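Data block below; observations after.
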Amino acid sequence: MNSGTSGYWRAAHGCGIALEGRGRLMAIVNVTPDSFSDGGRHFSVDRAVGHALSCVAEGADILDIGGESTRPGATPVSAAEEQDRVLPVIERLARETDALISIDTYRARTAQLAIAAGAHIINDVHGLQREPEIAALASETGAGLCIMHTGRGRDRLADVVADQFDYLNRSLSIAAAANVARETIVLDPGFGFAKETVEENMALMARCDELLALGYPLLVGTSRKRFLGTLTGRDAGERDAATAATTVLLRMKGASVFRVHNVAINRDALAIADAMIAAEPKTGEEQVQ
């Protein structure tokens, strides 16, 4: 496996996480009533915190807290409502766990308040191209920054990987202009975000290692996505085994962080994938390192 990237993801508040040697798990904590597979299940501070702590106990390294559903057709919420949902959860978790906390938002003000409340990472599903101010915030605070590719609301190139490079290079230019430190950045190819067909998502999975040429670790989020349901015939809540299969495949392709609903099954999947990677014969260059 070619990682081709830094072995440490630096984040806010003097924290960070090693990315060499084993895959890392980012647990999805949706404080929303309408997310596609778990909407309403954790829609209170106590339930969200309880779920997040359970995820840590099962092996999550990062908790990704979101207050607005990004599923297709979801009703947008105001910035104030998003903040009312996520900030109390982040404040509690910052006191109750040492796991890294990520804020899943494209709003700079929400990200700013979340970091002040104790979050370490900003996970921007618009890759800095909706509110570029997030880049300056990441630079000022040293927050970890997940830059995601999306095809929503724009024309795309026909080749799935060429479009990734086109979009992500524009995002990285925004980050560079704001002096965001390289070691705080990971990239997310955005499975399912205007990648509607099985064929497009599988092509992206098969070629995901090409994105390592950009020089950053990869974070992937296939968990319970629609294309897995098309392939398996299963409803959203029944796609964890399929998700775990993609976790293994994408780990072998070089991905470092896996954003998932079901931590336990993906922890076991990563244990097998990491053992396989460790057992692979090393090239001469890898042996020297």
Side-chain angles (χ1 to χ4, degrees), residues 9-18 24-71 74 76-125 131 134 137-138 140-146 148 184 186 188 219 221 223-224 237 257-267:
W9 187 12
R10 186 159 65 82
H13 310 302
C15 296
I17 190 168
R24 297 292 189 166
L25 291 167
M26 172 186 273
I28 298 168
V29 182
N30 288 321
V31 193
T32 61
D34 58 344
S35 292
F36 76 96
S37 80
D38 59 357
R41 192 170 299 173
H42 315 302
F43 192 46
S44 73
V45 174
D46 287 342
R47 287 187 177 184
V49 169
H51 173 63
L53 295 176
S54 294
C55 289
V56 173
E58 291 176 345
D61 304 288
I62 306 166
L63 301 168
D64 193 39
I65 316 300
E68 179 176 347
S69 175
T70 56
R71 66 176 175 81
V77 302
S78 68
E81 185 171 1
E82 178 189 39
Q83 293 155 17
D84 286 345
R85 292 175 179 182
V86 300
L87 294 178
V89 175
I90 292 169
E91 289 168 354
R92 282 269 305 273
L93 289 173
R95 295 195 301 267
E96 296 184 30
T97 179
D98 292 329
L100 295 184
I101 301 168
S102 168
I103 175 63
D104 182 357
T105 188
Y106 54 83
R107 294 185 175 97
R109 179 58 175 163
T110 299
Q112 180 184 39
L113 293 171
I115 293 168
H120 307 91
I121 293 165
I122 305 166
N123 181 14
D124 182 1
V125 299
E131 292 198 14
I134 286 178
L137 176 66
E140 292 164 5
T141 62
L145 181 60
C146 178
M148 198 193 82
T184 64
V186 304
D188 180 350
L219 182 154
S223 190
R224 301 180 180 174
V257 184
F258 301 82
R259 183 178 182 273
V260 300
H261 294 87
N262 185 322
V263 172
I265 192 171
N266 286 282
R267 178 200 60 204

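Side chains included, hydrogens not; waters and symmetry mates left out as well; all remaining heavy atoms used. None of these values were measured; they are calculated from a predicted model.
Note: Leu53 CG to Leu63 CG = 7.5 Å, rounded to the nearest 0.5 Å. Atom-to-atom distance recorded for Arg259:CZ and Ser102:OG is 8.0 Å, nearest 0.5 angstrom. Here the CZ-OG1 distance, from Arg92 to Thr97, works out to 12.0 Å after rounding to the nearest 0.5 Å. Here Asp104 contributes atom CG and Ile28 contributes atom CD1; the two are 8.5 Å apart, rounded to the nearest 0.5 Å. Interatomic distance, Cys15 SG to Ile62 CD1, rounded to the nearest 0.5 Å: 11.5 Å. To the nearest 0.5 angstrom, Leu145 atom CG is 12.0 Å from Arg10 atom CZ.
With a 4.5 Å cut-off on side-chain heavy atoms, Ile65 and Leu93 count as touching. In this structure the side chain of Met26 never reaches within 4.5 angstrom of the side chain of Leu100, judged on heavy atoms. At a threshold of 4.5 Å between non-hydrogen side-chain atoms, the residues Leu219 and Trp9 count as touching. Gln83 is listed as a side-chain neighbour of Arg109, based on a closest heavy-atom distance under 4.5 Å.
Scanning both residues, Ala108 and Leu137, for their nearest heavy atoms gives O-CD2, 3.7 Å. Heavy atoms only, all atoms of each residue included: Val86 and Ile103 are closest at CG2-CD1, 3.8 Å. The minimum heavy-atom distance linking Ala264 with Glu58 is given by the pair N-OE1, 3.8 Å. The minimum heavy-atom distance between Ala60 and Ala27, with the atom names listed, is CB-CB, 3.8 Å. Closest non-hydrogen pair, Val31 versus Ala48, comes out as CG2-CB, 4.0 Å. Across every non-hydrogen atom of Ala99 and Val56, the tightest pair is CB-CG2, 3.8 Å.
Of the possible polar contacts, none joining the Asn30 side chain to the Gly66 backbone as a donor-acceptor pair under 3.5 Å is found. Put simply, the side chain of His261 never gets that close to the backbone of Gly237: no donor and acceptor are under 3.5 Å apart. Distance alone, capped at 3.5 Å, places no donor-acceptor pair between the Glu82 side chain and the Glu68 backbone.
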Worked check of salt bridge (Lys or Arg N to Asp or Glu O under 4.0 Å) between Arg85 and Glu81 | CA-CA 6 Å; Arg85 292 175 179 182; Glu81 185 171 1; 2.8 Å; yes
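Within the structure, the side chain to side chain donor-acceptor pair (under 3.5 Å) test picks out the following pairs touching residues 116-125 (sequence neighbours left out): Asp64-Asn123.
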